[in-house]
**Q** 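This is the structure, below, for whatever I ask next.
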Amino acid sequence: METIETNLGINKTGVLTSIQEALKTKKGAESLTTPPPGDSSLLGENRVLYMQEGDPVGSVPVPMTVKGLLSSAQEKILMGNHVFMDKLGERIAFERTGTRLYEALISKYQGTSNQEGLPDLITIEQFYMEELKHFNMAAEIMMKLGGDPTAMTPSADIAGVAGMGWVQVINDPRTTFLQSLETILQAELVDNACWETLIELAAHLGLKEAVDEFTLALQEESVHLTTVKQWVKELNLDGKVSRLLQ
Ligand SMILES: [Fe+2]
Ligand SMILES: [Fe+2]
């Protein structure tokens, strides 16, 4: 496995590397810039001003026609329930990103010269296929409800922006398999929490078929989370994963 040990000693980013050089840098910065008066409260006030003037992050497309899953009473609730459609849109976006993250993790595995001690590729590929399955399932539920799975809802947009860092880390050719796996762990933590909320929202609306499908997805997501968490722990502690889990 790759380690970061080979790079020890060449990192000079900390100021303690050379106090004298650090003082010169500080002096140079002070001579070239004029610090604004006051503290960060002015920044806070500006944020509030922008919030008062700004638009919201998009809007929720409400289905034009509702079909399939609903009674007319449920239909009325759903048409006014922007939260559910917003969060369903978010799950579609998130599972799409999840699929891409695992796809990139597989490349990271293939590009690692010494694969000894890494988790087995079959399990990683299984998780990848399950993310794709969840994406398709969520999109299908959206269509059954008369919604458009390609529409960008506010929460889908926000999830996409927030997840950009994860995508960047795993696709960065310099990062190791473990660094990428740790990034997947962050995504899985969020993923599990969001499926839980979506199940509650669907149950609140009486969408039984959706609750059943989402619960199956959450069971698989829960396995992703515990497995990835365990792998991350073992790779950090021992440099290899135990074969007991696989
Ligand atoms: Fe997922
Ligand atoms: Fe997952």
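Bear in mind that the values here come from a model prediction, so they are computed numbers and not experimental data. Whatever order the structure lists them in is the order used to number ligands and atoms, beginning at 1. The figures that follow rest on heavy atoms only: side chains count, while hydrogens, waters and symmetry mates do not.
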**Q** Closest N/O/S atom of Glu131 to the Fe ion (ligand 2), by atom name?
**A**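 Among the N, O or S atoms of Glu131, the one closest to the Fe ion (ligand 2) is OE2.
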**Q** Tell me whether Asp191 is salt-bridged to Arg91, with the criterion being a basic N under 4.0 Å from an acidic carboxylate O.
**A** yes
**Q** Below 4.5 Å, heavy atoms only, C-beta onward: do Leu42 and Glu45 meet side chain to side chain?
**A** yes
**Q** By atom name, which N, O or S atom of Glu221 is the nearest to the Fe ion (ligand 2)?
**A** OE1
**Q** Can you tell me which N/O/S atom of His224 has the shortest distance to the Fe ion (ligand 2)?
**A** ND1
**Q** In Asp191, which N, O or S atom comes closest to the Fe ion (ligand 1)?
**A** OD2
**Q** Could you tell me whether any N, O or S atom belonging to Glu188 is less than 2.8 Å from the Fe ion (ligand 1)?
**A**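 No, since none of the N, O or S atoms of Glu188 sits under 2.8 Å from the Fe ion (ligand 1).
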**Q** Under 3.5 Å, is there a donor-acceptor pair linking the side chains of Trp195 and Glu220?
**A**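 Per modelled atom types, Trp195 and Glu220 side chains form no pair under 3.5 Å.
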**Q** If I take atom CG from residue Leu181 and atom CG from residue Leu105, how far apart are they, to the nearest 0.5 angstrom?
**A** 6.0 Å
**Q** Using the side-chain contact (heavy atoms from CB on, under 4.5 Å) rule, pick out the option among Glu130, His224, Glu125 that qualifies with Tyr102.
**A**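 That would be His224.
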**Q** Is the Fe ion (ligand 1) less than 2.8 Å from at least one N/O/S atom of Glu130?
**A** no
